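Single-structure report; data block below.
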Amino acid sequence: MNKSYSLFIDTTQNYCNLAIIDDQNLIVNKLQILTHNNMTDVVVEKISELLNSTNVDKKDIKNIYLLIGPGSFTGCRVGYIIAESFKSVNNCNIWYTNSLLFQLPKGTGISLIDAKSNKFFAAIYDQYKEILSPKLIDANELDSIKKQYSNFEIYLDYQNIDVFKNLLANINSAFIKLPNGEKIVPLYIKGFTN
């Protein structure tokens, strides 16, 4: 009997983060590459390389763990298309979460992603419970949020975090299984210009 594996896809930021996870939730191979705005060209190729170097066949992928945004519009679309393709070909499960929640170790903190022009995608979570829904804010609103939630640590643009440690820490708590028959809905928040 073949082992089953999961594929993690994060194409929402400047880096493409990919990982193959075994059925014990251990990472067996991973890859992080700076995409330089060529996300579409490299992701499928890098997934194939990752699978080949681990001797995992595409048909052995039973789960996709996907970040749906916010972030790069193109990156969110690329991740969505790849996950939907795997789902239609392999009939695999898709698990998803947003990049703001994913950025937080153990699901707690103020999560920010730079949306350019002095604006930020922001959300606040306390042990995976949503305190502030993902939204676009400006610098003034950010100052107010920092004062109001001064007891929360701030996480910005995946800085000072290990994406793959966050994956393992959040895999059982942050991700939601996409119900059968439903399509992935990327989290686009108006205002991002990439």
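This is a predicted model, so every value here is computed, not measured.
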Validation row: [X], [Y] side chains within 4.5 angstrom (heavy atoms):
| X | Y | result |
| --- | --- | --- |
| Ile20 | Ile27 | no |
| Leu26 | Ile21 | no |
| Pro105 | Asn166 | yes |
| Leu100 | Pro70 | yes |
| Glu153 | Leu104 | no |
| Ile9 | Tyr80 | no |
| Asn98 | Leu101 | yes |

side-chain hydrogen bond (donor to acceptor under 3.5 Å, both in side chains) pairs, two or more places apart, involving residues 42-51: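 Counting only pairs at least two positions apart or across chains, the side-chain hydrogen bond (donor to acceptor under 3.5 Å, both in side chains) contacts touching residues 42-51 are Lys46-Glu49.
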
Distance in Å, [X] [atom1] paired with [Y] [atom2], rounded so as to fall on 0.5 Å steps:
| X | Y | atom1 | atom2 | result |
| --- | --- | --- | --- | --- |
| Leu7 | Ile64 | CG | CD1 | 4.5 Å |
| Tyr155 | Ile113 | OH | CD1 | 14.0 Å |
| Lys183 | Ile94 | NZ | CD1 | 9.0 Å |
| Asp22 | Thr54 | CG | OG1 | 11.0 Å |
| Gln103 | Phe121 | CD | CZ | 12.5 Å |
| Asp10 | Leu167 | CG | CG | 9.5 Å |

Trace of the side-chain contact (heavy atoms from CB on, under 4.5 Å) decision for Tyr96 with Leu178: CA-CA 7 Å; Tyr96 66 93; Leu178 184 71; 4.1 Å; yes

Keeping the roles fixed (side chain from [X], backbone from [Y]), state whether a donor-acceptor pair exists under 3.5 Å.
| X | Y | value |
| --- | --- | --- |
| Ser72 | Gln13 | no |
| Asp57 | Asp60 | no |
| Ser99 | Gly69 | yes |
| Glu84 | Ile184 | yes |
| Ser85 | Ile81 | yes |
| Ser111 | Ala123 | no |
| Asn170 | Ser173 | no |
| Thr108 | Asp126 | no |

Residues forming a salt bridge (charged side-chain N to carboxylate O under 4.0 Å, His left out) with Lys135, sequence neighbours excluded: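 Applying salt bridge (charged side-chain N to carboxylate O under 4.0 Å, His left out) to Lys135 gives Glu141.
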
Check against side-chain contact (heavy atoms from CB on, under 4.5 Å), Asn63 and Cys92: CA-CA 5 Å; Asn63 296 289; Cys92 57; 5.9 Å; no

Plane angle bin for Phe8 and Phe102 - parallel if under 30°, tilted between 30 and 60°, otherwise perpendicular: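 Aromatic pair Phe102/Phe8 classed parallel.
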
Test ring-ring contact (aromatic ring centres under 6.0 Å, His included) applied to Tyr125 - qualifying residues, sequence neighbours left out: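 Here no residue qualifies.
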
Qualifying residues under ring-ring contact (aromatic ring centres under 6.0 Å, His included), relative to Phe175, sequence neighbours excluded: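 Partners of Phe175 under the ring-ring contact (aromatic ring centres under 6.0 Å, His included) test: Tyr65.
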
Any chain of hydrophobic side-chain contacts (each under 4.5 Å) joining [X] to [Y]?
| X | Y | value |
| --- | --- | --- |
| Tyr128 | Trp95 | yes |
| Phe86 | Val89 | no |
| Ile68 | Val185 | no |

Residue list, side chain to side chain contact (heavy atoms under 4.5 Å, CB included) with Lys62, at least two apart or on another chain: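 Ser4.
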
Linked hydrophobic residues, Ile154 as query - side chain contacts closer than 4.5 Å: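 Hydrophobic cluster check, Ile154: joined to Ile110, Leu112, Phe120, Ile124, Ile131, Leu132, Ile137, Leu142, Ile145, Tyr149, Phe152, Leu156.
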
Check against side-chain contact (heavy atoms from CB on, under 4.5 Å), Leu51 and Lys58: CA-CA 7 Å; Leu51 291 168; Lys58 288 179 186 175; 3.6 Å; yes

Residue pair Thr97 / Ala174: nearest heavy atoms and the distance that separates them: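 Shortest heavy-atom separation between Thr97 and Ala174 comes out as OG1-O, 3.0 Å.
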
Heavy-atom pair with the smallest gap, counting every atom of Cys16 and Thr11: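 Closest approach of Cys16 to Thr11, heavy atoms only: SG-CG2, 4.1 Å.
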
Check against side-chain contact (heavy atoms from CB on, under 4.5 Å), Leu66 and Ile82: CA-CA 10 Å; Leu66 177 69; Ile82 292 169; over 6 Å; no

Would you say [atom1] of [X] has more than 12 non-hydrogen atoms from neighbouring residues, nucleotides or ligands within 6.0 angstrom?
| X | atom1 | answer |
| --- | --- | --- |
| Gln159 | CD | yes |
| Lys87 | NZ | yes |
| Tyr15 | OH | no |

